[in-house]
Amino acid sequence: AQRLQFRRQFPALDALAIARRTDGANLHRTAQILHGLGLSFSQRGDDKAALTSFDEALQLVPPQSGHDRTRAELLSSAGVSHRRLSNYTLAEAFYREALSIQRRLLGPEHAEVGTILNNLGVLMNSSGRYDEAEPIIRESLGVRRSSLGAEHPFVANSMLNLAVTLEGRGAFSDAAALYEQAARIVRSSLGPDHPRLAQVLRNWGVLLGNQQKTSEAIPLLREALRIRRVAFAEESRDVADALSVLGAALVRSNSFGEAEAISRQALTINLKLHGADDEAVAVSRKDLGALLCSTGRVSAGLAQLSEA
């Protein structure tokens, strides 16, 4: 029964089995099915399984195989999974090969080129290479504006990532302005309950909170939490993250009672999702422990910190 349920969740497995039996010579078709299977794994958060499919598919469409477009799409997808697994060197190599192929096939102003540039910039942000990320994400933003239009949600996505870059470089006012523009575009194009809006509001609120602008930050972070509770299960890492950053802002505004309740919710979710030894749990314990110590409950606070 479990195997049947698994196959229902991943229908590409059946297509793959058929292709292997009947299309042995059609390696390109098999590679496309493997790509779809890998994307299914990736969307469910299993990037290791996704990479197994992507790597097998890439072997079926090597360079000069006549299927460069498929190879570029596979490289781009594999780059995303490698980045999520913090395999930054591999991710960069995959993105750069995909970018070279797509620029040659589609031209430098194609939307797909803009997407790969955006992902390469996100990778550099993830590894703190903000000086290198900025020109790449700016190029992505320009390509997406020209190919998709100024109000497209992908334009907002590049704005969000450029804001992260500028924030990392200390250009806080410029970053806040980009977050505000991105939020307007996403709200207009995707609606008020879309998780992409939650991400923009979350980042914008954290930036403002770090600048001690808590009266501006807290409404943004509350809205981000509301959206994530609509879009995701209550016991999800997205909700736990929204709770954590809201709790931190509430501490800064001296709203200790609500901050404690929210911090405990985040800890409970992270414990259930990850187990006691996960880094997310450690961060939640540190936040709660620091809050308890700062409000005079030193013994309880130290107990949380000792378990972090």
Side-chain angles (χ1 to χ4, degrees), residues 9 41-50 80-88 122 125-128 160 164 167-168 193-210 214 217-308:
Q9 289 178 327
F41 283 123
S42 180
Q43 288 163 4
R44 288 164 171 79
D46 191 349
D47 285 296
K48 290 183 179 179
V80 172
S81 289
H82 277 302
R83 178 185 62 79
R84 288 175 180 162
L85 293 171
S86 300
N87 301 329
Y88 295 140
V122 169
N125 279 345
S126 298
S127 52
L160 165 65
V164 172
E167 186 176 350
D193 296 326
H194 198 281
R196 288 189 192 176
L197 178 58
Q199 184 63 47
V200 176
L201 296 172
R202 181 256 188 225
N203 284 23
W204 186 12
V206 169
L207 169 63
L208 293 173
N210 289 339
T214 53
I218 288 173
L220 298 174
L221 296 173
R222 287 194 192 280
E223 187 177 359
L225 175 60
R226 180 196 66 76
I227 295 169
R228 285 186 172 179
R229 280 180 157 153
V230 171
F232 303 107
E234 178 67 18
E235 293 179 341
S236 66
R237 67 177 64 218
D238 296 279
V239 170
D241 171 73
L243 287 164
S244 295
V245 295
L246 176 57
L250 289 167
V251 168
R252 291 192 180 98
S253 70
N254 297 322
S255 301
F256 297 117
E258 186 181 2
E260 180 181 346
I262 283 177
S263 296
R264 288 189 183 279
Q265 288 178 57
L267 175 58
T268 298
I269 293 171
N270 281 325
L271 277 168
K272 186 163 185 178
L273 286 175
H274 308 296
D277 297 328
D278 188 81
E279 184 176 350
V281 173
V283 171
S284 290
R285 288 196 185 281
K286 287 176 183 176
D287 290 344
L288 180 57
L291 170 59
L292 293 172
C293 288
S294 69
T295 54
R297 287 164 291 171
V298 176
S299 178
L302 291 175
Q304 290 292 341
L305 292 171
S306 67
E307 291 188 60

Calculate, to the nearest 0.5 Å, the distance between atoms [atom1] and [atom2] belonging to [X] and [Y] respectively.
X    : Y    : atom1 : atom2 : result
L243 : E234 : CG    : CD    : 6.5 Å
R83  : S127 : CZ    : OG    : 10.5 Å
Q265 : E235 : CD    : CD    : 11.0 Å
L197 : I227 : CG    : CD1   : 4.0 Å
S81  : K48  : OG    : NZ    : 12.0 Å
E260 : S294 : CD    : OG    : 9.5 Å

Practice task
Before giving the answer on side-chain contact (heavy atoms from CB on, under 4.5 Å), spell out for R196 and V200 the whole-Å C-alpha distance, their side-chain angles and the decisive distance to 0.1 Å.
Solution key: CA-CA 6 Å; R196 288 189 192 176; V200 176; 5.8 Å; no
Problem - E279 CD: over 12 foreign heavy atoms closer than 6.0 Å - result: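 For E279, atom CD is not crowded (no more than 12 foreign heavy atoms under 6.0 Å).
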Exercise for the section: Check each of V251, L250, L288 against I262 using the side-chain contact (heavy atoms from CB on, under 4.5 Å) test, and report the only one that passes. Expected result: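 Among V251, L250, L288, the one meeting side-chain contact (heavy atoms from CB on, under 4.5 Å) with I262 is L250.
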Practice task
Could you check T268, L267, L273, I269 and say which one makes a side-chain contact (heavy atoms from CB on, under 4.5 Å) with L271?
Solution key: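 Result: among T268, L267, L273, I269, L267 is the only option passing the side-chain contact (heavy atoms from CB on, under 4.5 Å) with L271.
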Give the minimum heavy-atom separation between [X] and [Y], together with the two atoms involved.
X    : Y    : result
L291 : S263 : CD2-OG, 4.4 Å
D47  : S42  : OD1-OG, 3.3 Å
V245 : L221 : O-CD1, 3.7 Å
A282 : A308 : O-CB, 3.6 Å
L305 : A290 : CD2-N, 4.2 Å
A280 : N270 : O-ND2, 3.7 Å

Handout entry: Within-4.5 Å side-chain heavy-atom neighbours: I218 and S255
Key =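 When only atoms from C-beta onward are counted, S255 and I218 do not touch, as no gap falls below 4.5 Å.
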Handout entry: Non-neighbouring partners of R252 that pass side chain to side chain donor-acceptor pair (under 3.5 Å), sequence neighbours left out
Key =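 With sequence neighbours excluded, R252 shows a side chain to side chain donor-acceptor pair (under 3.5 Å) to N210, given in chain and number order.
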Handout entry: Heavy-atom donor-acceptor pair, R228 side chain to D238 backbone, under 3.5 Å
Key =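 Yes; judged by distance alone, with no hydrogens or angles, the pair exists.
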